[in-house]
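As the structure is a prediction and not an experimental result, all values here were calculated from the model. To find a chain, count down the sequence lines: A is the first, B the second, and so on, and within it residues start at 1.
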Protein chains: 2
Amino acid sequence: MTGATERPARQPSMTDVARTAGVSAQTVSRTLRDSPNVNPETRKRVLAAVEQLGYRFNNAARVLSSGRSHTIGLVLLQSGGYYSRSAVTAGVEAAAGEEGYAVSIATIARLDTGLMERSLSKLADQGVDGIVIAVPLISVTQKMEDITRDIPTVTLDGSRTASARVLGIDQKEAGRIATRHLLDLGHRQVWHVSGPDEWIEARQRRQGWQECLAAAGVEAPPPLEGDWSPDSGYRQGQVLAMIPDVTAVFAASDEMAFGVIRALREGGRSVPADVSIVSVDDIELAAYCAPPLTTVRQDFYRSGAAAVALLLRQADAGETLVTASLSVRASTAPPRSR
Amino acid sequence: MTGATERPARQPSMTDVARTAGVSAQTVSRTLRDSPNVNPETRKRVLAAVEQLGYRFNNAARVLSSGRSHTIGLVLLQSGGYYSRSAVTAGVEAAAGEEGYAVSIATIARLDTGLMERSLSKLADQGVDGIVIAVPLISVTQKMEDITRDIPTVTLDGSRTASARVLGIDQKEAGRIATRHLLDLGHRQVWHVSGPDEWIEARQRRQGWQECLAAAGVEAPPPLEGDWSPDSGYRQGQVLAMIPDVTAVFAASDEMAFGVIRALREGGRSVPADVSIVSVDDIELAAYCAPPLTTVRQDFYRSGAAAVALLLRQADAGETLVTASLSVRASTAPPRSR
DNA sequence: GTTACAGATGGCATCGATAACATAGGCTCT
DNA sequence: AGAGCCTATGTTATCGATGCCATCTGTAAC
């Protein structure tokens with residue numbers, strides 16, 4: 001009570017541990033980093049001291065002296081595709097965590113090069129060792145180039161900068177699988193409600209659809225563009241409902257598909273009796289809304305993890321690491337044979 | 001080509017800037033941190049030098065010397081409630097960004113105290129200045145207490161530790177609003193499909209439901225517990241479908257509600273003609289699946305932002321900052337008057 | 001019995017920014 | 001005019017871990 005109880009309450013440092021263990025700070029450092037040349041006996045003493053003092057290493061100091069932060073930045077888009085975004089984030093974080101990396105996020109409110117630049121700067125300021133861009137940016141500015149030249153960067157499904165590598169999810173494949181399924185059911189023509197044109201995902205899915213139709217000798221009708229939201233699907237669905245001979249629709253996302261379905265039904269078409277619909281994502285709700293959706297699932301968690309592997313390992317910039325598979329449910333059927 | 005072109009390629013440091021601007025490093029530091037006592041003239045010179053050299057401050061060094069990292073940690077649960085998680089994340093990141101803070105995330109795969117401890121340790125190791133726990137943890141371990149004693153922490157809808165403050169979202173209110181709506185429509189009894197009992201959200205929504213029924217003099221039937229997934233809603237819906245006099249159901253999340261609806265329909269009940277359903281969340285799809293869902297919306301983006309404000313400002317640990325509002329759509333109707 | 005060399009450890013400078021203190025003018029007040 | 005103070009700036013020590021080099025002890029090689 002006289003002040004003798006006073007404690008500095010400072011976190012113990014490596015020097016403290018060294019003192020307790022009766023070795024030098026350098027040895028403590030080596031022990032904690034699994035350097036090869038440490039006597040097992042010494043190591044034990046050091047670890048005991050760490051335990052006893054509740055030592056926790058100071059990341060900032062480590063970064064400052066080693067030059068590497070063991071943090072990777074993740075750039076996300078705030079809107080659109082809640083599901084895939086969450087899955088990508090989880091995959092990135094898990095893979096990074098396993099390698100001892102932390103993940104720092106920067107979200108941008110919408111696709112905009114200015115916002116993108118600011119986010120990259122922010123991450124660069126934090127001294128991240130690498131960046132995963134999970135935003136389908138298409139145009140790349142000088143400033144972005146500058147940053148990605150200094151920091152290893154992997155773009156998930158976006159444009160390639162001079163130095164950023166791109167991890168492709170084969171979105172074309174998704175488009176092809178969906179379209180193929182409809183053609184196999186006997187439909188003669190497949191309409192498409194696409195995502196916004198600035199999204200690479202959207203473009204590629206559309207390409208897959210076009211190619212598949214072309215391969216079948218069918219001329220593709222003009223695609224109807226949405227913005228991933230159910231509402232945009234609904235509006236394009238109203239358009240489709242006015243076209244008499246539509247029997248099959250490929251929607252670029254589950255959420256838009258539900259919008260399309262609603263509009264078609266309000267327009268007097270039955271799904272799947274009159275019109276079949278396939279989409280992409282396989283969100284959890286796809287199986288539970290009415291009708292259960294036939295949809296192409298892609299493993300975004302895996303693609304997040306793969307992006308990290310690519311970043312840290314300098315692994316092959318493999319073009320396609322993520323596969324797509326079709327979940328057939330009740331939104332598709334053969335065309336009415338009339 | 002003779003080596004004269006060689007550049008160290010090192011990032012310029014504050015000293016470099018100082019040299020270029022003809023001032024001391026300290027003055028540069030003061031300028032960049034908006035210290036009051038800097039001559040406008042000097043400031044201009046410094047900023048020019050910064051611009052010219054493309055100077056970018058070294059975060060690690062700043063952390064090391066100032067002791068503050070300007071980073072806050074965000075703990076998320078990987079599964080369950082994609083929507084609210086994304087919204088919370090965005091809110092946290094936006095609010096933190098405005099205050100000049102970065103956000104580092106740590107996700108845990110499931111509700112588990114061990115995983116939770118590890119995540120907190122990880123964030124503590126990174127030297128975060130504060131932590132937002134967006135995981136509804138209920139039991140708190142000694143280790144968690146230790147960490148939250150050293151680092152300011154705000155829990156969004158979770159248990160209070162000795163030192164962590166809690167930002168309450170009034171989930172009870174959501175339960176009350178939903179139940180009230182059904183009673184107002186004329187239903188005599190309201191069943192409840194709840195979230196998992198370990199989630200505070202789930203408990204509170206259930207309490208709101210119970211209190212509202214109690215206030216109306218109705219004895220609450222036993223709640224049916226789900227895990228937020230559509231599938232769990234479906235299974236509990238099958239139970240409800242076997243009970244003859246069910247006319248109104250309050251589901252604790254939109255996703256479960258869709259599962260319930262599907263099961264009820266398969267069991268021969270029409271929604272909303274035979275059974276009305278209200279849920280909570282108002283995800284985007286709520287309006288587009290069949291039937292459009294009557295649901296209680298809560299603003300998770302705002303609550304994420306509020307958590308950050310609470311953390312950084314030491315603002316009032318106000319109990320309820322986030323309000324709930326009802327979106328009435330087509331899954332509810334007055335009971336069949338027979 | 002030197003020499004050579006690997007293993008184990010310590011000493012010291014260093015990373016870059018900042019806090020704390022020091023200094024030098026210029027101004028106000030009595 | 002001198003005390004007192006505020007403004008603008010420089011100097012120095014420091015944060016904690018690590019890289020590099022030095023040192024010391026065995027021990028294998030010649």
Review point. Among D/dT9, D/dC15, C/dG10, which is the nearest nucleotide to the side chain of B/V38?
Key: D/dT9
Review point. More than 12 heavy atoms of other residues, nucleotides or ligands under 6.0 Å from CZ of A/R118: is that the case?
Key: no
Review point. Which pair of non-hydrogen atoms, one from B/F300 and one from B/A87, has the smallest distance, and what is that distance?
Key: CB-CB, 3.8 Å
Practice item. Could you tell me whether A/K122 and A/D125 make a salt bridge, using a distance below 4.0 angstrom between a side-chain N and a carboxylate O? Key: no
Study note, to complete from the structure: Of B/R45 and B/S65, the one whose closest nucleotide on DNA chain D sits nearer the 5' end is B/R45
Practice item. Measure the distance from CE on A/M14 to C1' on D/dC15 and round it to the nearest whole Å. Key: 14 Å
Study note, to complete from the structure: Given the options B/L74, B/I133, B/V88, B/L156 meets side chain to side chain contact (heavy atoms under 4.5 Å, CB included) only with B/V88
Check your understanding: Which one of A/L311, A/L312, A/I72 satisfies the side chain to side chain contact (heavy atoms under 4.5 Å, CB included) criterion with A/E99?
Key -> A/L312
Check your understanding: Starting at CZ of B/R68 and ending at C1' of C/dA19, how long is that distance when rounded to a whole Å?
Key -> 12 Å
**Study point:** Integer-rounded Å distance: C/dG16 P and A/D125 CG
**Key:** 15 Å
Study note, to complete from the structure: Axis-to-axis angle across the helix from C/dG1-D/dC30 to C/dT30-D/dA1, five pairs each end, nearest 10 degrees, ~ 30°
Point to revise | Short side-chain N/O contact to D/dG19 OP1/OP2 from A/R33, under 4.0 Å | key: yes
Revision key, fill the gap. Atom CG of A/N39 and atom C1' of C/dA6 are separated, to the nearest Å, by 14 Å
Practice item. Whole angstrom is fine here: how far is it from CD in B/Q26 over to P in D/dT9? Key: 12 Å
Review point. For the atom pair CD (A/E93) and OG (B/S104), what is the distance rounded to the nearest 0.5 Å?
Key: 8.0 Å
Review point. For B/R43 and D/dA8, what is the distance between atoms CZ and P respectively, to the nearest whole Å?
Key: 10 Å
Practice item. Run the salt-bridge test on A/K143 and A/D146 with the 4.0 Å N-O cut-off and return the result as yes or no. Key: no
Review point. Does a side-chain N or O from B/S24 land closer than 4.0 Å to OP1 or OP2 of D/dG10, or not?
Key: yes
Point to revise | Spacing between A/D16 atom CG and D/dA17 atom P, to the nearest angstrom | key: 9 Å
Exercise for review: For C/dA17, take OP1 and OP2 only and decide whether either is under 4.0 Å from a side-chain N or O of B/S66.
Suggested key: no
Review point. So what does B/V23 hit on the nucleic acid, given a heavy-atom distance under 4.0 Å: a base, only sugar-phosphate, or nothing?
Key: sugar-phosphate
Exercise for review: Identify, residue by residue, the members of residues 52-62 of chain B with a heavy atom below 4.0 Å from DNA chain D, and return them in order of residue number, or none.
Suggested key: none
**Study point:** Below 4.0 Å: OP1/OP2 of C/dT9 and any side-chain N or O of A/T42
**Key:** yes
Point to revise | Minimum heavy-atom distance A/V135-A/V75, with the two atoms named | key: CG2-O, 3.7 Å
Revision key, fill the gap. Closest heavy-atom pair, A/G304 versus A/V92, reported as atoms and distance to 0.1 Å, is O-CG2, 3.5 Å
Check your understanding: Which value, rounded to the nearest 0.5 Å, describes the distance between A/L77 atom CG and A/W199 atom CH2?
Key -> 4.5 Å
Revision key, fill the gap. Per nearest nucleotide of DNA chain C, the residue lying toward the 5' end, B/R30 or B/L64, is B/L64
Review point. At under 4.0 Å between heavy atoms, what does B/T27 touch on the DNA or RNA strands: base, sugar-phosphate, or nothing?
Key: sugar-phosphate
Point to revise | Euclidean distance, atom CG of residue B/N37 to atom P of D/dC5 [Å, nearest integer] | key: 17 Å
